[in-house]
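One structure is given here, and the rest of the page talks about it.
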Number of protein chains: 2
Amino acid sequence: MSLETSLIPIIRKFNRFYTNVLGLLDKHLLDSDFSLSEVRVLYEIGHADRCTAKMLIDLLKIDAGYLSRILKRFEKLGLTYRVQSEADGRSSLLYLSKLGEETLSTMNALSDVQIRHMIAGLPERSQKSIAASMSTIERELSDHPSGPDIRIRSELQPGDAGMLIHMHGWIYAQECGYNHVFEGYVCKTFYDVLLTYSPDRDRFWLAEADGQIVGSIAIIGQSEGKAQLRWFMLHPDYRGLGLGKKLLHEAISYCRARNIRQLFLETTQDQKTAIGMYAKAGFQKVAERENQAWGIRNIEETYELHLHGGSPHEASATNAELT
Amino acid sequence: MSLETSLIPIIRKFNRFYTNVLGLLDKHLLDSDFSLSEVRVLYEIGHADRCTAKMLIDLLKIDAGYLSRILKRFEKLGLTYRVQSEADGRSSLLYLSKLGEETLSTMNALSDVQIRHMIAGLPERSQKSIAASMSTIERELSDHPSGPDIRIRSELQPGDAGMLIHMHGWIYAQECGYNHVFEGYVCKTFYDVLLTYSPDRDRFWLAEADGQIVGSIAIIGQSEGKAQLRWFMLHPDYRGLGLGKKLLHEAISYCRARNIRQLFLETTQDQKTAIGMYAKAGFQKVAERENQAWGIRNIEETYELHLHGGSPHEASATNAELT
DNA sequence: ATGTTTATTTGACTTTGTCAACTATATGGC
DNA sequence: GCCATATAGTTGACAAAGTCAAATAAACAT
């Protein structure tokens, strides 16, 4: 609630600002013979599939009577024509005539010029960030918020390692109070792997939200049926969406497929949620020791999971719970 | 030009979308006894200092005659009063009466409720990213584009090292074709420093644009009048703004102040721009060797700068050129 | 002082949008 | 199939919102 309260003034300020921006853009549009509403109607007829008056009313929140007259005018001007719907005799399907299409594309071109003029003087980076911000707002506010575009990829790209270190450093400082020495230690783990990195032996799964890494897991150093699970982590904003479960499942499935029998991992006692998931997947603690190096006292723990030979019961339970 | 062309459809789409959003918000506002224009006028009278009709005309792009009538109505309703300007007898200064202030704050409250309702169902992360995006758009599009908020800080925070590694990995892959081994090597350099990091001996300057790191430089390992300059880097989007020069200047000034006499750095021949700046600052090449490790053949070079004892000429030239 | 510009007002007008009553078709229950 | 009710679209009467040009009065430039 307090968050909303602090954001509302920002949003209202933007609304006032953007009302002006849109007003300016519209002004020029009004040099044409059409009102703003008419232009919007014409645009939608041109772009919607099997457009009816009802659709326009819902989409543009326009008065039915007003729309009726606009459509009548369009027809008189020869911009549109209508065909009675076969499915519903009350409705007509609306189409642009040749002239209507020309008119619309002229208006589109004018509008493009307007917008181009609006952003013309700005540096490329500003233009990009404006467009990106607009997409974000639209996506987040749209009726069926699709949420961010979340996907999991498993090729390691340049910069990924650094980003994972960044997230480790930041998250563990926030949540556990670890200091820069911890981040240095994470650097070391990546250094060790990257120097000899081979996609065959070392595999990463990176969860991305709109192209930004928000979670990770990896299986590294596999040899002779053994491997290490590493860098299992999820950005706080993206927890509770089942992403962690999905990552862990990916990693373990991969191990099964690669015939890895023994998987181990190291973590600290602070990682309650992760440890819960490890346990659910069948991992068992095999060692623990104290660590003072990271600015705060903590207990490091080692966990192991036996995938085939070990306990068939656990393996199948895992499978069921993580699917 | 081609970039603009690809962004215009995004911007137009957003404009159509946001026209709807604003329309919906306004609808509810119209339940009150005031038109949208009237509300905007009332708002500005309440917030602008020494408000005149002319100001409102310019600010809201409203017709003078229309405004005149709105103001007349406000006065009749007892919401505003006017005082003839002493400086210009043609103008009057506009003020809200007690009742006007109450009315405005009621409307503000209603508007707040509207907005709160609009974002209420969304997760915190969405709300934040909406507000941030709006601020970005407003800043970039405002008349005197202030550009991003760029500042240089010099405390190392958790996550910074990772972010710098990320940038190294990404930029050098983009621009020089280095592979993951290079990023691993960068990890090692940070590992070495972070384990024994001490603000007295190791100093970072991080250039941030709107809170995002976009450039860096560091002076590390100083002892007995010597030190190493490291991690000098600038995001491609933020080059040509004098930021690199500023960072280098910060680092060298610091060395002077700390009585460091000899500074060295390692780079690769690919770094033409950086090497140009090093040369300008008085650095001289003292060694070079071939390196094959990073996926592509390159020449590593070592540079040195003697700050006090060495060449007074160079030192002063440096000072002049980099200030 | 005089002609020009600027801030605001007023009257006449158009455009835009709203509301409620009306027609015609569709839909669901029997 | 028949009826009650809902839905898509139309129309007339009207109100609100916005525009334009002419008028007024003060300010400014020379």
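It should be emphasised that the depicted structure is a prediction, and the values quoted were computed from it without experimental measurement. Lettering follows sequence order; numbering is per chain, from 1.
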inquiry  = So for B:R90 and C:dT8, does any side-chain atom that can act as donor or acceptor lie under 3.5 Å from a complementary atom in the base?
reply    =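 Side chain to base: no pair present.
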request  = Ignoring hydrogens and angles, answer whether the base of D:dG12 and the side-chain atoms of A:R69 contain a donor-acceptor pair closer than 3.5 Å.
outcome  =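 Answer yes: a donor N or O sits under 3.5 Å from an acceptor.
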ask   = Quick check: does any side chain N or O of A:R239 sit under 3.5 Å from a backbone N or O of A:L234, one acting as donor and the other as acceptor?
value =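 Yes, the answer is positive, given that a donor and an acceptor are paired below the 3.5 Å cut-off.
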ask   = Short question: side chain of B:E38, backbone of B:S35 - any donor-acceptor pair under 3.5 Å?
value =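 Answer holds: yes.
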inquiry  = I want to check a possible cation-pi pair here: A:R82 against A:Y95, using under 6.0 Å from ring centre and within 45° of the ring axis as the test.
reply    =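 So A:R82 doesn't make the cation-pi contact.
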Just N and O in the side chain of [X]: are any of them under 4.0 Å from OP1 or OP2 of [N]?
X     : N      : value
B:R82 : C:dA7  : no
B:K72 : C:dT10 : yes
A:S37 : C:dG17 : yes

How close or far is atom [atom2] of [N] from atom [atom1] of [X], stated in whole angstroms?
X     : N      : atom1 : atom2 : value
A:I57 : D:dT7  : CD1   : C1'   : 11 Å
A:D63 : C:dT16 : CG    : C1'   : 11 Å
A:Y66 : D:dA15 : OH    : C1'   : 14 Å
A:R73 : C:dT15 : CZ    : C1'   : 11 Å
B:L67 : D:dC20 : CG    : P     : 16 Å
A:F34 : C:dT14 : CZ    : C1'   : 17 Å
B:D58 : C:dA7  : CG    : P     : 8 Å
B:L56 : C:dA7  : CG    : P     : 13 Å

request  = Mind checking A:S91 for me? I need base, sugar-phosphate or nothing, with any heavy atom below 4.0 Å counting as a touch.
outcome  =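 Sugar-phosphate, backbone atoms only, no base.
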query = Heavy atoms under 4.0 Å, any strand shown: does A:A64 hit a base, just sugar-phosphate, or nothing?
reply =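 Contact class for A:A64: base.
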message = So that I know where these two stand, are B:Y43 and B:F34 an aromatic pair - ring centroids less than 6.0 Å apart?
response =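 Not close enough - the centres of the two rings lie 6.0 Å or further apart.
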inquiry  = Taking the six-membered ring for Trp, are B:H249 and B:W205 closer than 6.0 Å centroid to centroid?
reply    =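 No; B:W205 has its ring centre 6.0 Å or more from that of B:H249.
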query = Want to settle it: does B:D88 or A:G89 sit nearer the 5' end of DNA chain C, counting the closest nucleotide to each?
reply =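 It is B:D88, whose closest nucleotide lies nearer the 5' terminus.
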inquiry  = Can you work out whether A:I70 or B:G65 has the more 5'-proximal nearest nucleotide on DNA chain C?
reply    =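 Result of the comparison: B:G65.
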query = What nucleotide among C:dT10, D:dT19, D:dA17 has an atom nearest to a side-chain atom of B:S68?
reply =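 Nearest nucleotide to the side chain: C:dT10.
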